[in-house]
Structures are given as C-alpha cells and as structure tokens.
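Working notes, beginning with the structure itself.
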Amino acid sequence: FVLCMAVFPASWPQEKPFDDADVQYLLGVSYGLQGRLNEAAEAFEQTVRIRPDYAEAHYNLGVTYGELGRWNEAVQSHKQAIRVKPDYAEAHYGLGRAYGAVGRWNEAIEACKQAIRIKPDLAEAHFVLGVAYLALGDSGSALQVYKVLKNLDGEYANKLFNLIYK
C-alpha cells in the first residue's frame, strides 16, 4: 500500500483541532497500512464527502482504488486531487500510473511529465514515463528516461533497463 509521501498533509501539525475529515483520513491510512483496502477506500470516500478540498485524501483514495484494480475511479480521484492542489507531483504521477493501467499511454506520458516538471527527482514518475514510452513502441525515449533514472534510483533504473532489453 503506497500512501501520500507523508502520512500527514503538509498543513499538519494543525493549529485547529481535528475535525471529522481528519479522523476519517487517519482511519483510511490505518486501514490501508493493515491491507484492509475496501475499508480504506470507504474511509477516504467519507473524508472527501466531508471535506471535498482534501487533496491528500483524494490522492490516497486514488492509490487505494488502484490497489483494488479500480483504475477508472483512480483516474478520477487523482484528477480531483490535482484540481484541489495543481502542483501535487505525486497526484500527477498517480494519474499517470492509473492512465497506464487502463492503456491510455499518451495521457500517462503527459501526467508523468507534469509530475517530473513539479518534482524532477520523483523516480516513480520517471519509471512510469519510461514504461509508457515502451508501451507505445518508443524504446529510444524510454532509453533517455533510463539515463536520467539511473542517477535517481538504481532499482527503478534496473527494472526499466530490463523492460527495454527483454
């Protein structure tokens, strides 16, 4: 289970007391860490019903939907996270991953490029970008991504290299 880069949104610690949305969010995180994905999804859904502008909850809902194989819903959740917080690199990456899972490779490329523009060292986005290029038959672009990725994350670089040359 992959969560937001930090379990807590950047706005925490809060000066105001937790509200019901925060409680539901933490419940979703807890369920996710336990592998109780359906319950995590329900908690994140409740979070965004209470507070529709909770970008981290939309993102984690998208991640959870992806883990459940509900990729079209993951696309929508990541898009909503981006609407709330346009410079949310992880949400752009999540959108790229979800687009790739449903075979929308050109859109996956654009989402990953946006994630990389915002956060150039986001290795996961580089990896998905390389995979998307390969899915479209563009091994030259995938190799260029590999060259960048090997300086960011050796494990992802090796995985991409193996996909390029399999």
In residues 140-151, what donor-acceptor pairs under 3.5 Å come from side-chain atoms, sequence neighbours left out?
{"residue": "Ser141", "atom": "OG", "partner": "Asp138", "partner atom": "OD1", "Å": "3.2"}
{"residue": "Ser141", "atom": "OG", "partner": "Asp138", "partner atom": "OD2", "Å": "2.7"}

Would you compute the distance between atom [atom1] of [X] and atom [atom2] of [Y] and round it to the nearest 0.5 angstrom?
| X | Y | atom1 | atom2 | answer |
| --- | --- | --- | --- | --- |
| Tyr88 | Arg83 | OH | CZ | 15.0 Å |
| Leu129 | Glu124 | CG | CD | 13.0 Å |
| Asp87 | Ile118 | CG | CD1 | 5.0 Å |

Determine all donor-acceptor pairs shorter than 3.5 Å in which one atom belongs to a side chain in residues 157-166; sequence neighbours excluded.
{"residue": "Asn158", "atom": "ND2", "partner": "Gly154", "partner atom": "O", "Å": "3.3"}
{"residue": "Asn162", "atom": "ND2", "partner": "Asn158", "partner atom": "O", "Å": "3.2"}

Quiz item: Can you check whether Tyr59 and His78 have ring centres sitting under 6.0 Å from each other?
Solution: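 Yes.
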Exercise. Run through the side-chain heavy atoms of Ile, Leu, Val, Met, Phe, Trp and Tyr, join any pair under 4.5 Å, and report what else lands in Leu95's cluster.
Key: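 Other cluster members: Val75, Ile82, Tyr99.
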Quiz prompt | Leu33 side chain reached by Val29 side chain, heavy atoms, under 4.5 Å | solution =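 They are in contact (side-chain heavy atoms under 4.5 Å apart), so the answer is yes.
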Quiz item: Checking His58 side chain against Gln76 main chain: does a donor-acceptor pair fall under 3.5 Å?
Solution: no
Per-pair distances, 0.1 Å, donor-acceptor, side chain in residues 34-47, under 3.5 Å, sequence neighbours excluded:
{"residue": "Gln34", "atom": "OE1", "partner": "Arg36", "partner atom": "NH1", "Å": "3.0"}
{"residue": "Gln34", "atom": "NE2", "partner": "Ser30", "partner atom": "O", "Å": "3.3"}
{"residue": "Gln34", "atom": "NE2", "partner": "Ser30", "partner atom": "OG", "Å": "3.0"}
{"residue": "Arg36", "atom": "NE", "partner": "Glu39", "partner atom": "OE1", "Å": "2.8"}
{"residue": "Arg36", "atom": "NH2", "partner": "Glu39", "partner atom": "OE2", "Å": "2.8"}
{"residue": "Glu45", "atom": "OE2", "partner": "Tyr65", "partner atom": "OH", "Å": "2.5"}
{"residue": "Gln46", "atom": "OE1", "partner": "Arg49", "partner atom": "NE", "Å": "3.2"}
{"residue": "Gln46", "atom": "OE1", "partner": "Arg49", "partner atom": "NH2", "Å": "2.9"}
{"residue": "Thr47", "atom": "OG1", "partner": "Tyr25", "partner atom": "N", "Å": "3.1"}
{"residue": "Thr47", "atom": "OG1", "partner": "Ala43", "partner atom": "O", "Å": "2.8"}

Quiz item: Can Leu68 be reached from Trp71 by stepping across I, L, V, M, F, W or Y side chains whose heavy atoms are under 4.5 Å apart?
Solution: no
Quiz item: Going hydrophobic residue to hydrophobic residue with side-chain gaps under 4.5 angstrom, can you get from Ile116 over to Leu136?
Solution: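 Looking at the clustering, Leu136 is in the same group as Ile116.
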Quiz item: Does the distance from a Lys or Arg side-chain N to an Asp or Glu carboxylate O, for Arg51 and Asp22, drop under 4.0 Å?
Solution: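 Between Asp22 and Arg51 there is a salt bridge, with a charged N closer than 4.0 Å to a carboxylate O.
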Self-check item: Smallest separation among heavy atoms of Val48 and Ala57, with atom names
Solution: CG1-CB, 3.7 Å
Quiz prompt | Residues that Ala132 engages under side chain to side chain contact (heavy atoms under 4.5 Å, CB included), provided they are two or more places apart | solution =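 Result, side chain to side chain contact (heavy atoms under 4.5 Å, CB included) vs Ala132: Trp105, Ala108, Ile109.
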Quiz item: Among all residues two or more places apart in sequence or in another chain, which pass the side chain to side chain contact (heavy atoms under 4.5 Å, CB included) test with Ala115?
Solution: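 If we apply the side chain to side chain contact (heavy atoms under 4.5 Å, CB included) test to Ala115, skipping adjacent residues, the hits are His92, Tyr93, Leu122, Ala125.
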Practice problem: Applying salt bridge (charged side-chain N to carboxylate O under 4.0 Å, His left out) between Glu90 and each of Arg97, Lys85, Lys119, report the one that passes. | Solution: Lys119
